[in-house]
Visitor: 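Sharing a structure with you now.
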Amino acid sequence: MAGSPRPESSSFRDPSGFVFRQEGRLYRQVNPCYGLQYERLIQTGLYERLVERGLLIAHKEVRPAPEGAYKVLEPEPVDFVSYPYEWCLGQLREAALATLEIQQEALYKGMALKDASAFNIQFHKGRPVLIDTLSFELYEEGEPWGAYGQFCRHFVAPLVLMAHADVRLNRLSCLHIDGIPLDLASKLAPWRTRWNVHIASHLLLHANAAVHPPANAPAKKLSRRGLESILESLRSLIESIPLRERPSVWGRYYEDTNYSEQAMQSKTLLVDRLLEECGPPKRLVWDLGANTGRFSELASRRGWTTVAWDLDATAVERCYQNAKSRGDRHLLPLIQDLTNPSPGIGWANEERDALLARGPADIALALALVHHLAIGNNLPFSAIADFLSRACHKLIIEFVPKEDSQVQRMLASRRDIFDAYNQQEFEKALEGPFRIEARIPIEGSSRVLYRMSRRCGP
Amino acid sequence: MNNPFVSNRVFAALIGAAAVTSNAAAYIDAGTGSIVTQVLIAGALGALMTFKSFWLTLRRLLAKFFHR
């Protein structure tokens with residue numbers, strides 16, 4: 001390894017080491033001050049056990065370690081980095097359970113998680129996995145769990161709010177990078193949650209203690225048994241989070257649509273063919289406005305890493321549960337409002353990347369999307385074309401004409417100010433950044449599917 | 001304090017009886033309030049377990065006695 005590595009912008013909090021990139025590959029440096037803990041992780045078999053159970057990302061040690069480093073690790077690359085404010089309830093719940101499972105396994109081996117940030121968990125091959133190999137410290141009998149407060153802010157607070165108040169409160173995690181303040185969550189949680197003894201303890205009582213900490217408290221210990229009962233209580237809380245489906249506008253979009261079965265079949269076959277023509281992606285496919293992922297599956301079942309973005313948490317939940325039940329390891333459903341996408345957040349806006357900074361995708365699907373952006377959000381075609389050209393290299397896009405009943409439904413309650421909303425203007429705008437390579441009408445409907453390629457990369 | 005379960009005075013007394021410890025390897029602030037909460041919850045759960053175990057033993061003894 002040549003030169004002294006420059007840490008990634010999100011890797012500055014923990015003095016145990018840092019993450020850096022070199023020649024397009026990701027590495028994690030272990031600093032000498034973390035040598036003892038790292039050796040314990042390996043020698044006790046904890047690392048092997050966690051990797052075997054799919055709870056920790058596997059790594060290779062790079063030899064020899066460069067000067068100033070105890071070790072350099074090359075972790076298995078994660079297909080796509082997502083953030084807790086983009087996860088549906090089921091994903092956040094599983095990430096929380098995985099964190100508790102890791103803490104329990106660590107305790108068996110005389111170690112403990114020193115942090116419990118939801119950002120340390122990524123969905124890899126369809127499962128939540130800890131990506132921070134340096135998250136472990138030596139456990140000493142009598143020590144309370146140092147990451148307990150962080151666990152409650154990152155997992156308990158958003159889960160309780162999403163499940164018991166409103167699922168859209170997932171966006172609070174974007175405003176509070178170190179987790180939702182417990183006093184805020186406590187104010188927003190519905191009154192009935194006070195009857196749940198686990199929520200009352202870990203959220204409400206905890207919020208009070210966080211707001212009114214004692215000034216000079218005498219030292220006191222927490223026994224191992226006490227710590228295990230805390231973990232057990234947290235697990236009961238997380239497991240009691242209901243995954244029942246909430247009514248939403250988009251959750252049953254495909255059932256409510258006026259698409260005939262023939263038109264839907266025809267569209268499915270066409271999209272499949274166009275994907276085939278785009279060829280395998282180098283890295284990933286994005287399905288923008290994926291709803292429950294009906295068309296995303298066409299890409300993921302080819303073994304292509306596919307991110308299914310949708311605004312609606314209920315649709316994303318269905319997509320995630322469906323993918324999970326059929327064992328789809330290549331599909332990652334995520335919540336995303338394309339009219340107000342995930343921004344860069346944290347220090348200097350660089351700790352967590354904005355949506356477009358995590359692209360571009362090799363292939364993007366934008367099916368039944370354009371009318372929602374153009375008519376639902378008043379976006380001119382040129383702005384949509386510009387966004388898409390920054391989001392992908394190849395594009396499969398559907399144009400829904402004004403006479404389509406879905407568009408008519410959107411125009412029913414508002415004045416039609418969209419004189420430029422027609423196929424000709426659509427093509428003119430998209431032909432700026434893209435080259436139209438195929439234009440195919442969908443049988444049984446007035447809609448048209450296109451395959452396009454970006455003219456030049458940014 | 002808005003929590004209807006615990007009054008200010010009781011809560012302050014509970015906090016006063018609880019603790020702060022330090023860990024050299026830790027780099028995040030564990031938060032005094034979070035440590036105190038763990039100690040309190042663990043204490044309550046421990047007491048509950050002791051009561052449960054006492055109750056089960058008592059019930060077993062009573063059952064034996066009445067089945068004689």
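Note on naming: letters A, B, ... go to the chains in the order of the sequence lines (proteins, then strands), and numbering restarts at 1 for each one.
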Visitor: For E140(A), is it the side chain, the backbone, both, or neither that has a heavy atom closer than 4.5 Å to a heavy atom of chain B?
Guide: neither
Visitor: Is it the backbone or the side chain of S233(A) that comes under 4.5 Å from a heavy atom of chain B, or both, or neither?
Guide: side chain
Visitor: So, using side-chain contact (heavy atoms from CB on, under 4.5 Å) as the criterion, who are the partners of T193(A) when residues are at least two apart?
Guide: V160(A), H164(A), A189(A), P190(A), I199(A)
Visitor: Going by an N to O cut-off under 4.0 Å, is there a salt bridge joining E101(A) and R235(A)?
Guide: yes
Visitor: For the interface with chain B, which of L227(A), I230(A), D183(A), L222(A) has the highest count of heavy-atom pairs at distances below 4.5 Å?
Guide: I230(A)
Visitor: Side-chain contact test, heavy atoms from C-beta onward, threshold under 4.5 Å: evaluate it for L203(A) versus C152(A) and give yes or no.
Guide: no
Visitor: Not counting sequence neighbours, which residues clear side-chain contact (heavy atoms from CB on, under 4.5 Å) with R352(A)? List them please.
Guide: S10(A), Y83(A), Y85(A), F119(A), I177(A), I345(A)
